[in-house]
Amino acid sequence: MKLASWNINSVRLRQTLVLDRLEGLGLDVLCLQETKTEDQFFPVDAFAEAGWPHIAMRGEKSYNGVAIISRLPITENSYQNWTGRTDCRHISARINGQTIHNFYVPAGGDEPDRTLNPKFGHKLDFLDEMTAHFIANPPQSSILVGDLNIAPLEADVWSSRQLRNVVSHTDIEREKLLNLIEAGGWIDAVRHHYGTEEILYSWWSYRARDWQSSNRGRRLDHIWVSADNQEKIAKIDIDTPTRGAEKPSDHVPLIIELAS
DNA sequence: ATGGCAAATTGAATTTGA
């Protein structure tokens, strides 16, 4: 099974980009985050015509929104309202015997202090709930993907020292994400494939004059697999060139090929 | 350690992203 995860930053604005970049890759499943549209406006016909007729989505106006788009039938799907909100940050689907979780973890605002910044508290609570959930429900034949908005390792950011107090790379976030992987029973498939030293990014800010030459990236997007899937990881790709497309998303697609 | 940007909404300015 071949699966991609991509924070698309508006699926309606970039539906042509998605189809252009991903058609021809032989993808079975495409997981999108930040679709930024209500379900009634999701471009389902365009995906169906391109060969992905099965869609499980959860969107709202303006913000957030996730979708699992599949060539293969979706046998069941569900979602959870994490931290008691209905803000469309999670959907899961069962496809070809695998349970696929697609997450958009809160960005967390600017100030890394939950007493000053409720958004940071929301992010930490979200991670705590995810951890408790997967401890109580250990994943099996499962894949977890998404924009988790945390770059946990030194080699996940352009400067660990300069980003140590910047939301996405603070100690508490890094600890919570690594604990979620460990205690939650997940394998970081990207790091399993590339090792912990190689510098890897999945996001580059829109604000850089030249994203490529400044190259101040962060690995905020992730693909994890349950332990029973570890030996099936056949290939991992981070599609960096997509950041250089016309009207790009600030995130690039991550692709995993899992042997069946 | 940001920030030079971007998208969606509501109506040129605001919110959010990270």
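Chain letters run A, B, ... following the sequence lines, proteins first and then strands; every chain starts at 1.
Projected onto DNA chain B by closest heavy-atom contact, Val105(A) and Thr37(A) fall at different nucleotides, the more 5' of which corresponds to Thr37(A). Each of Arg209(A) and Trp203(A) was matched to the nucleotide of DNA chain B holding its nearest heavy atom; the match closer to the 5' end belongs to Arg209(A).
Residues Arg219(A) and Ser202(A) bring no donor and acceptor atom of their side chains to less than 3.5 Å of each other. There is a side-chain donor-acceptor pair under 3.5 Å between Asn102(A) and Gln33(A). In the model, Asn179(A) has no side-chain atom that pairs as donor or acceptor with a side-chain atom of Glu175(A) under 3.5 Å. No hydrogens or angles considered: a donor-acceptor pair under 3.5 Å links the side chains of Thr37(A) and Arg12(A). Counted by atom type alone, Asp228(A) and Ser141(A) present one or more donor-acceptor pairs between their side chains at under 3.5 Å.
When distances run from any side-chain atom of Ser205(A) to the nucleotides dA18(B), dG3(B), dT16(B), the shortest one goes to dG3(B). Of the candidates dT9(B), dA7(B), dA18(B), dA18(B) carries the atom nearest the Asn7(A) side chain, counting heavy atoms from C-beta on.
Using atom C1' as the reference point in both dT10(B) and dT16(B), the two lie 15 Å apart (nearest Å). dA1(B) and dT14(B) have their P atoms separated by 28 Å, with the value rounded to a whole Å. Using P as the reference atom, dA18(B) and dA7(B) are 14 Å apart when rounded to the nearest Å.
Trp211(A) has its CH2 atom 19 Å from the C1' atom of dG17(B), to the nearest Å. Rounded to whole Å, the distance from CG on Asp113(A) to P on dA1(B) is 16 Å. dA8(B) atom P lies 13 Å from atom CZ of Phe41(A), rounded to whole Å. One can place OH of Tyr206(A) at 13 Å from C1' of dT16(B), the figure rounded to the nearest angstrom. Per the geometry, CD belonging to Gln162(A) stands 11 Å off P belonging to dT2(B), to the nearest Å. One can place CG of Leu163(A) at 9 Å from C1' of dT2(B), the figure rounded to the nearest angstrom. dA7(B) atom P lies 13 Å from atom CZ of Arg12(A), rounded to whole Å. Protein atom NE2 of His169(A) is 21 Å distant from nucleotide atom P of dG17(B), rounded to whole Å.
A close approach under 4.0 Å does occur between a side-chain nitrogen or oxygen of Asn149(A) and OP1 or OP2 of dA18(B). Within the structure, a side-chain polar atom (N or O) of Lys247(A) is placed less than 4.0 Å from OP1 or OP2 of dA7(B). Contact annotation: Arg216(A) side-chain N/O to dA1(B) OP1/OP2 distance is not under 4.0 Å. When the side-chain nitrogen and oxygen atoms of Lys123(A) are compared with OP1 and OP2 of dA18(B), none of them lie within a distance under 4.0 Å. Close to dT16(B), at under 4.0 Å from its OP1 or OP2, lies no side-chain N or O of Asn64(A). Checking the phosphate oxygens (OP1, OP2) of dA18(B), a side-chain nitrogen or oxygen of Tyr104(A) falls inside 4.0 Å. For the OP1/OP2 pair of dA1(B) and a distance below 4.0 Å, the side-chain nitrogens and oxygens of Ser159(A) include no atom meeting the criterion. For dA18(B), the OP1/OP2 oxygens have a side-chain nitrogen or oxygen of His251(A) closer than 4.0 Å.
Arg164(A) comes within 4.0 angstrom of nothing in the nucleic acid, heavy atoms only. Using a 4.0 Å heavy-atom distance criterion, Asp110(A) is classed as a base contact. The residue Arg14(A) sits close only to the backbone: its heavy atoms come under 4.0 Å of sugar-phosphate atoms, none of a base. Across all strands shown, Trp158(A) has heavy atoms under 4.0 Å from base atoms, whether or not it also approaches the sugar-phosphate. Here Asp210(A) lies out of heavy-atom contact (under 4.0 Å) with every strand.
Residue-to-nucleotide contacts include no donor-acceptor pair under 3.5 Å from the side chain of Arg207(A) to the base of dG4(B).
A cation-pi arrangement, defined by a distance under 6.0 Å to the six-membered ring centre and an angle within 45 degrees of its axis, is absent between Arg71(A) and Trp52(A). For the pair Arg218(A) and Tyr201(A), the NZ or CZ position fails the cation-pi test of under 6.0 Å to the six-membered ring centre and within 45 degrees of the ring normal.
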